[in-house]
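Chain identifiers are assigned alphabetically (A, B, ...) following the order of the sequence lines, protein sequences preceding nucleic acid strands; residue numbering begins at 1 within each chain. Here the structure is a predicted model, which is why all the values come from computation and not from measurement.
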Amino acid sequence: MRCSQLFAPTLRETPAEAEVVSHQLMLRAGLIRKAAGGVYSYLPLAWRILKKIEKIVREEMDAKGGQELAMPIMQPAEMWQETGRWNVYGEEMFRLQDRHNRNFCLGPTHEEMITTLVRGDVRSYRQLPLMLYQIQNKYRDEIRPRFGLMRGREFIMKDLYSFDRDEAGLDESYNKMYDAYSRVFTRCGLSFRAVEADSGAIGGSGSHEFMVIAESGEAGIVYCGKCDYAANDEKAELHPICLPSEEQLPLDEKATPGMKTIAEVSQFLSISPEKTIKTLAYRTDTGTLVLALVRGDHEVNEIKLLNKVGCIQLEMANEEAITQALGSRAGYLGPVGLEGKENIIIVADATVMNMNNAVCGANKLDTHYSNVNPGRDFKPSIVTDLRLIQENDPCPHCGAPVKTARGIEVGQVFKLFTKYSTSLQATFIDVDSKEKPMVMGCYGIGVSRTMAAAIEQNYDKNGIIWPAPIAPYHAVVVPVSTKDEIQMALAEKIYTELNASGIETILDDRNERPGVKFKDADLIGYPLKITIGPKAINENLIEVKVRRTGEVLYYGQAEYLANIKELLKNL
RNA sequence: CGGGGCGUGGCUCAGUUUGGUAGAGUACCUGGCUUGGGACCAGGGGGCCGCAGGUUCGAAUCCUGCCGCUCCGACCA
């Protein structure tokens, strides 16, 4: 390919709409253009990158026995109604109707479709296990699409589904996929971590997420420096903290005018935040008020709360709801004296139950209680692990202090068990002649998001730095002056030789000043740049600059090919 | 869903307060010159000023509605 022909319109300035680095650089480097909010065209360079990621994914899926197929993007409502997700999925599902007013959706995922497909044609244990996958567009009408390809409404995903006879088989399939995913992201040249995850709305249990480590990551992860524990912070468990017992003092009411936050209250009363109980009010989708209690210096893990309460949605209660239910305002909430109240659930973190003579809101403006003793002064409906893990909290496996990091979720593996096979009657006849539901797993990789994540992890002030395995081209050949026939002849020769030896190379034959071509090369992020200028001509040396390190190397014309091949192995 | 900001040539933005012939930089085209990190000179094309109504002799500018983009928020008490 020649740059003079290439459709890669680079921008000198960053478009105002782009917030995160990957989005900015993809627009500037001429990789993507927006069609609508969260919907993008992939330009030729981006398409090459995506194809490379897909190729790696295919090879690894196939190596584990996966078989590629293609299912419809447009899916009839009926199968979603059978699993109940037509209603559960909510606003996030793109829905449409045909001319007969029949309902369809654009697939946000394909459990229903694949399970319906398989149940029709798999009858015997002899046909199992089965691993089927596809790579195609998915559609989710995100509340707030943002960050370019990181959170789009249309995105490319690889989704594989496994069907097994029993849980032992599922474990095996799951482990194969876990292994395949590790290989995929390693081959893409990414720094990543597999972490234990909550299984979320898809259902099932047993799940890992594959996180590309990056500052801009939306997910918080924790990992242990001592053992191999790593988890999404939504998932990370915590054991209750043991506290010394104290003599229980009588409950006391304290005036705390204007003191709303834990910091204000504890300072005002000259106590440590660890002696306070924080009360957060949430509302479920059914209108129940949930009061979540954690120690003042702790944070609530909303996922844990959601799972415990067992509702579909949970959001912070607004001022009105709080006043109506408790006659109080945020800042002065507490669990005391609420027993027997209709439509209120009190959920306490286990550590709270070990506290003595604590301070909490009195459900009265400008007032707190002191000497509150859980169990004596209030009895929660649920006591559980509710805390959000923080840096230096003890590892749930070995107790060593955990570290925190940010990650971009690029893949997730789930054990679904028989959730979908049961609701969709995907059964088989086992060796014992009994009819059983297939045991399923599902495994996704965000292909377009992986491209974005690769940029978030690999860039500098000049542009993108592609890991060689997913770079659109391995090398760019830049003749300093296109008008210089000797330079051009050499550039053409090098360009041809590189491509002939399997190194994907682009020739920047544009009649531009060298600075322009260098800037574009850096912006687009080819791993290697080969400059053909007076130096190369006069000294007979091939000059190679490594994008990642800035290192400049010179090779004789006889051995440059071998050297470049060697260089690329480590990029 | 709530709130703020923004919509002017492909991109970045000025002009809107105080209504009066639509601008700059960059990008693009032509010619010249130049060629080791986004040069320079000359000439040129390109805009229903987001859309629809309204006020006015006259609207990018004022008013109303809608649409789009973007950020923040959805109360961590």
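- Atom CG in A/Leu305 sits roughly 12 Å away from atom C1' in B/rC76 (whole-Å rounding).
- Within residues 526-534 of chain A, the residues approaching RNA chain B are A/Lys529, A/Thr531, A/Gly533, A/Pro534, by heavy-atom distance under 4.0 Å.
- Listed by chain and residue number, nothing satisfies the ring pair (Phe, Tyr, Trp, His ring centres under 6.0 Å) test with A/Tyr282 (two or more places apart in sequence, or in another chain).
- Listed nucleotides B/rU70, B/rC13, B/rC76 differ in distance to A/Ala16; the shortest reach to its side chain belongs to B/rC13.
- In this structure, CZ of A/Arg510 is placed 12 Å from P of B/rC29, rounded to the nearest angstrom.
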Given A/Arg140 and A/Phe94, is the side chain to side chain contact (heavy atoms under 4.5 Å, CB included) satisfied, shown in steps? CA-CA 7 Å; A/Arg140 292 183 194 171; A/Phe94 276 107; 5.8 Å; no
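- A donor-acceptor pair shorter than 3.5 Å cannot be found between the side chains of A/Thr14 and A/Gln24.
- Side-chain N/O atoms of A/Glu13 and base N/O atoms of B/rG25 include a donor-acceptor pair closer than 3.5 Å.
- Rounded to a whole Å, the CZ atom of A/Arg295 is 20 Å from the P atom of B/rC76.
- Across all strands shown, B/rC72 is found opposite B/rG2 as a Watson-Crick or G-U wobble partner, with both distances under 3.5 Å.
- Residue A/Arg513 places a side-chain atom within donor-acceptor reach of the base of B/rU34, judged by atom type and a 3.5 Å distance cut-off alone.
- Of the nucleotides present, none pairs with B/rU18 by Watson-Crick or G-U wobble criteria with both distances under 3.5 Å.
- Comparing B/rC76, B/rG36, B/rG37 by their nearest atom to the side chain of A/Lys545 picks out B/rG37.
- If you check every strand for non-hydrogen atoms under 4.0 Å, A/Asn462 touches nothing.
- Counting to the nearest Å, the P atom of B/rC11 and the NE2 atom of A/His23 are 13 Å from each other.
- Counting non-hydrogen atoms under 4.0 angstrom, A/Ile262 reaches the backbone sugars and phosphates but no base.
- The A/Arg12 side chain lies nearest to B/rA27 when the options are B/rA27, B/rU35, B/rG37.
- Annotation: side chain to side chain contact (heavy atoms under 4.5 Å, CB included) contacts of A/Asn371 (sequence neighbours excluded): A/Leu249, A/Asp252, A/Asn357.
- Residue order along RNA chain B, read from the 5' end via each residue's closest nucleotide, puts A/Thr14 first among A/Thr14 and A/Leu280.
- Scored by the side chain to side chain contact (heavy atoms under 4.5 Å, CB included) test, A/Glu196 finds A/His208, A/Tyr229, A/Ala231, A/Lys235, A/His397 as partners (sequence neighbours excluded).
- Using modelled atom types and a 3.5 Å distance limit, the side chains of A/Glu504 and A/Tyr473 yield no donor-acceptor pair.
- Look at CD on A/Glu19: it is 18 Å from P on B/rG5, rounded to the nearest Å.
- At the heavy-atom level, A/Glu17 lies under 4.0 Å from the strands shown only through sugar-phosphate atoms.
- Remark: B/rG7 base-pairs with B/rC67; criterion is Watson-Crick or G-U wobble with both hydrogen-bond distances under 3.5 Å.
- With 3.5 Å as the limit, one finds no donor-acceptor pair spanning the side chains of A/Arg547 and A/Asn462.
- Side-chain atoms of A/Arg28 come within donor-acceptor range of the base of B/rG38, with a qualifying N/O pair under 3.5 Å.
- At a threshold of 4.0 angstrom between heavy atoms, the contacts of A/Pro514 include nucleobase atoms, whether or not backbone atoms are also involved.
- Screening A/Val265, A/Asp366, A/Thr367 for a side-chain contact (heavy atoms from CB on, under 4.5 Å) involving A/Tyr332 leaves a single residue, A/Asp366.
- B/rG46 makes up no base pair with any nucleotide shown, lacking Watson-Crick or G-U wobble contacts both under 3.5 Å.
- Using a 4.0 Å cutoff on non-hydrogen atoms, the parts of residues 476-489 of chain A near RNA chain B are A/Val480, A/Ser481, A/Lys483, ordered by number.
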Do any side-chain atoms of residues 529-545 of chain A form donor-acceptor pairs under 3.5 angstrom with protein atoms, and if so which ones, sequence neighbours left out?
| unit_1 | atom_1 | unit_2 | atom_2 | d |
| --- | --- | --- | --- | --- |
| A/Asn538 | ND2 | A/Pro534 | O | 3.2 |
| A/Asn540 | OD1 | A/Gln557 | NE2 | 3.2 |

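- Side-chain contact annotation: A/Ser216 with A/Glu456, donor-acceptor N/O pair under 3.5 Å present.
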Do A/Tyr526 and A/His474 pass the ring-ring contact (aromatic ring centres under 6.0 Å, His included) test, and can you show the C-alpha distance, the side-chain angles, and the key distance before you say yes or no? CA-CA 6 Å; A/Tyr526 309 107; A/His474 299 132; over 10 Å; no
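- The distance between atom CZ of A/Arg547 and atom P of B/rG37, rounded to the nearest whole Å, is 16 Å.
- Separating the OH atom of A/Tyr40 from the P atom of B/rC69 is a distance of 10 Å, rounded to the nearest angstrom.
- Looking at heavy-atom distances under 4.0 Å, A/Gly37 makes contact with sugar-phosphate atoms alone, never a base.
- Listed nucleotides B/rA39, B/rG37, B/rU35 differ in distance to A/Asp522; the shortest reach to its side chain belongs to B/rG37.
- Candidate nucleotides B/rG38, B/rU35, B/rG36 were compared by shortest atom distance to the side chain of A/Asn511, and B/rU35 ranks first.
- Picking from B/rG36, B/rG37, B/rC28 the nucleotide with the shortest atom distance to the side chain of A/Glu512 gives B/rC28.
- Here the P atom of nucleotide B/rG36 and the NZ atom of A/Lys535 are 10 Å apart, to the nearest Å.
- Between the side chain of A/Asp520 and the base of B/rG38, at least one donor-acceptor pair of N or O atoms lies under 3.5 Å.
- Sequence order on RNA chain B of the closest nucleotides to A/His298 and A/Lys34 puts A/Lys34 first from the 5' end.
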